[in-house]
Protein chains: 2
Amino acid sequence: MSIATVSRVLNNPDLVARATSEKVQRAVRELGYRPNLFAKSLLSKRSRVIGVSLPDIHGEFYAELMHAADRRARELGYHLLVSAGAHQTDTDDATPGGSFALDLVDGLIVMLTERSRADLEAIANLNIPAAVIGCDRPGARVETITYDNILGAEQATEHLLEGTPPERCYFVGTHRGNLDSDDRARAFCDALRARGHEPEDDQVAYGEFTFEWGWDWATARMDADALAGAAVFAANDEIAVGIANAARERGLEMPRDVRLVGFDDSRICTLLRPEISSVRIPIPELASEAIDALVRRIEHPEQDPKHTRLATSLIVRDSSRIGAGA
Amino acid sequence: MSIATVSRVLNNPDLVARATSEKVQRAVRELGYRPNLFAKSLLSKRSRVIGVSLPDIHGEFYAELMHAADRRARELGYHLLVSAGAHQTDTDDATPGGSFALDLVDGLIVMLTERSRADLEAIANLNIPAAVIGCDRPGARVETITYDNILGAEQATEHLLEGTPPERCYFVGTHRGNLDSDDRARAFCDALRARGHEPEDDQVAYGEFTFEWGWDWATARMDADALAGAAVFAANDEIAVGIANAARERGLEMPRDVRLVGFDDSRICTLLRPEISSVRIPIPELASEAIDALVRRIEHPEQDPKHTRLATSLIVRDSSRIGAGA
DNA sequence: CGGGGTGATGTAATCGTTTTCATCGGTTAT
DNA sequence: ATAACCGATGAAAACGATTACATCACCCCG
């Protein structure tokens, strides 16, 4: 047996005689032989490893995303190399995955949440197959997979507008520049305008993605004027919970006195009473589409990058249901 | 210039003349040369990649763990290859990380939660540097890093016993065989015995790590007899939240009517009102100790594996505070 | 002035695969 | 009977680095 024959048995079994093949196979099993991946990669320039760069592994969102991505990657024979919080730690290194073992991975999945940093172009310029989650721009030279913030926010706002006059509707977002929050704010305003109401300054607030910000906003608002009769659309569930707690503390009940919708449909929405309405992002699909897109890019670089946008959906629960008062 | 010289400039700069070195460095920068990692690994048999095998990437616990692990690994020049839910998907493949690219990683971090599967021995037999989180056994041939379930559960139980008689204390766990739940149950029982009370069968319940189970348990218990005046120690926060909600639904208030302590000190504990007492696991330290231990094992295989146990601490909040009634 | 030490660099083997090309026996077709 | 062909296998080059060893110029000293 020469090494060449062994290699053929393992890769192109039909090139080798039946008898020889079986003898080799047996030997392989008995000796527990496993081809050396480094040598393989050295030759093929492929590692079957995908790098995933997240703004911050925090909370269930990223956990779920990783979970689904890993599952799909495994199905396709790839492994996931994770890079948490690459963006913010790399001070000004505009290219996400800068600290990454770029030459170790076959491709990169990058999730973007902020407008300024880590432009799509910068990622495209890495000259490595890439798929971007959370940000798209027509004609981008990378695959993009997004969830329809506009659609979800529209649905949420419309739902609130059904039972509440436009001037009593509020949007509580995070800081300007956050891609998600900005889109949601815009859709909120547009929906109000569609009803002929130009949103006042105080109907749209900017803060952070935290419970505390939600609490503070609600408290400040109740101090300024009553929150009773209002409908609030929070840019994420944590903010929503903060608002819910602050409201309850002052004796306001949902949905009777205040109607509330969050975003992300996280676990907590169904852990509170009343349960909180929220816009669902199809995280598993998001992850699995991203993997699929990236693998397509890796294995068929000649094809043009696709731009996928997944639908979101409003899940109505008691916190905003019309007529579900206590 | 020969390639050998270049290699020396990059690895042993002192072996090469100053002038040559600078010339090479300049060329390297201008050409954007980067050594091929595969070739490097082929020779050194090192990839500087660490595999992380988790029972299931789900919820914030694992997100936080990954976050901290990645951070520490990066500091030490390693990358993380993640394998989510390896255990349960690999039907009977007793070795976790079976589906893993074992020959791609320098070492393995495995988190164990169930007794039966994926024995420490099986991991040791992989003959690859390994660190196990969540399970230890004296003399194990792998590094182990655990958090002190017994200590935390003891503190929690003692705290409950301070204001509630032992016969009105309950432990609500997950299924038998779960390492965490079992330890916590044992510590709970021992604490009761230390007060001279042998726990009744119905004082310790087994279910799942879910909100629903907590809710069901509490509801069933309230149907059987009153929960008022009881103190409940839940094996994790989700169960605790289920219990809290069920109790409130029946008009019971915490801590006046029911006192409650959870485990994990997850985000939700401070999102509910009243805030829920819980036992904190030092996740960042857990992750970073695991990485340190593994890297030690990789780089100094001659040293004996260490077994580290991190302390947990009870965080008392309003759900169980004595005299904090409404 | 020649030999040995020294510091800088080049040569070539090596790591473990894949893959091209050559070889070789054996059929088949002419 | 010979040429053409074919299927199976081996030999060797390549992938891109590291590193032991050889080489070489040079300097110092006896």
Side-chain angles (χ1 to χ4, degrees), chain A residues 1-49 51 76-79 81 100-107 126-129 298-301, chain B residues 1-49 51 77-79 81 100-107 126-129 298-299 301:
Chain A
M1 300 304 116
S2 77
I3 38 180
T5 308
V6 176
S7 170
R8 273 187 285 255
V9 170
L10 269 50
N11 302 308
N12 288 57
D14 27 338
L15 287 184
V16 67
R18 191 61 165 277
T20 329
S21 172
E22 287 178 2
K23 241 193 306 189
V24 171
Q25 301 232 18
R26 190 150 12 95
V28 163
R29 245 190 314 271
E30 284 177 14
L31 298 176
Y33 168 81
R34 316 182 52 167
N36 181 311
L37 292 184
F38 304 135
K40 250 186 155 114
S41 293
L42 174 57
L43 206 50
S44 65
K45 284 145 172 26
R46 286 285 175 74
S47 60
R48 301 198 78 80
V49 170
L76 299 177
Y78 283 82
H79 290 278
L81 198 68
F100 231 126
L102 273 184
D103 1 46
L104 171 53
V105 302
D106 289 348
L126 289 175
N127 275 322
I128 182 179
I298 291 172
E299 297 178 356
H300 305 287
Chain B
M1 299 304 116
S2 77
I3 36 178
T5 308
V6 176
S7 170
R8 273 187 284 254
V9 170
L10 269 51
N11 302 307
N12 287 59
D14 26 342
L15 287 183
V16 67
R18 191 60 164 277
T20 328
S21 173
E22 286 179 3
K23 241 192 307 189
V24 172
Q25 300 231 19
R26 188 148 16 91
V28 163
R29 247 190 313 270
E30 283 176 15
L31 299 176
Y33 167 82
R34 316 183 48 168
N36 181 310
L37 291 184
F38 303 136
K40 249 187 158 107
S41 291
L42 174 57
L43 205 51
S44 67
K45 284 145 175 27
R46 285 283 174 75
S47 59
R48 300 199 77 82
V49 170
Y78 283 82
H79 290 279
L81 198 69
F100 229 127
L102 273 185
D103 3 45
L104 171 54
V105 302
D106 289 347
L126 290 175
N127 274 322
I128 182 179
I298 291 172
E299 297 179 355

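Numbered from 1 within each chain, the chains take letters A, B, ... in sequence-line order.
- Looking at residues two or more places apart in sequence or on another chain, you find a side-chain contact (heavy atoms from CB on, under 4.5 Å) between Val24(A) and Met1(A), Val6(A), Val9(A), Val28(A).
- Sorted pairs that involve residues 15-33 of chain B and meet side chain to side chain donor-acceptor pair (under 3.5 Å), not counting sequence neighbours, are lacking altogether.
- Under the side-chain hydrogen bond (donor to acceptor under 3.5 Å, both in side chains) criterion, Ser47(A) pairs with Asp106(A), sequence neighbours left out.
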N/O to N/O distances under 3.5 Å, protein versus nucleotides 5-11 of chain D:
residue	atom	partner	partner atom	Å
dT9(D)	OP1	Thr20(A)	OG1	2.4
dT9(D)	OP2	Ala17(A)	N	2.9
dT9(D)	OP2	Thr20(A)	OG1	3.3
dG10(D)	OP1	Met1(A)	N	3.4
dG10(D)	OP2	Ser2(A)	N	3.0
dG10(D)	OP2	Ser2(A)	OG	3.3
dG10(D)	OP2	Thr5(A)	OG1	2.5
dG10(D)	N7	Arg8(A)	NH2	2.8
dG10(D)	O6	Arg8(A)	NH1	3.3

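- Pairing each heavy atom of Lys40(A) with each of Pro35(A), the nearest pair is NZ-CG, 3.7 Å.
- Smallest separation of non-hydrogen atoms from Ile128(B) and Leu102(B): CD1-O, 3.7 Å.
- Residues of residues 36-43 of chain B that place a heavy atom closer than 4.0 Å to DNA chain D, in numerical order, are Asn36(B), Ala39(B), Lys40(B), Leu42(B), Leu43(B).
- Positionally, the nearest nucleotide of DNA chain C for Lys45(B) lies more toward the 5' end than for the other of Asn11(A) and Lys45(B).
- Checking side-chain atoms of Arg46(B) against main-chain N and O of Ser41(B) turns up no donor-acceptor pair under 3.5 Å.
- Applying the side chain to side chain donor-acceptor pair (under 3.5 Å) test to every pair with at least one member in residues 4-16 of chain B, sequence neighbours left out, gives these pairs: Ser2(B)-Thr5(B), Ser7(B)-Asn11(B).
- Taking atom CG of residue Leu10(B) and atom C1' of nucleotide dG16(D), one finds them 13 Å apart after rounding to whole Å.
- A close approach under 4.0 Å does not occur between any side-chain nitrogen or oxygen of Ser7(A) and OP1 or OP2 of dT17(C).
- By the 4.5 Å heavy-atom criterion applied to side chains, Phe38(B) and Leu37(A) are not counted as neighbours.
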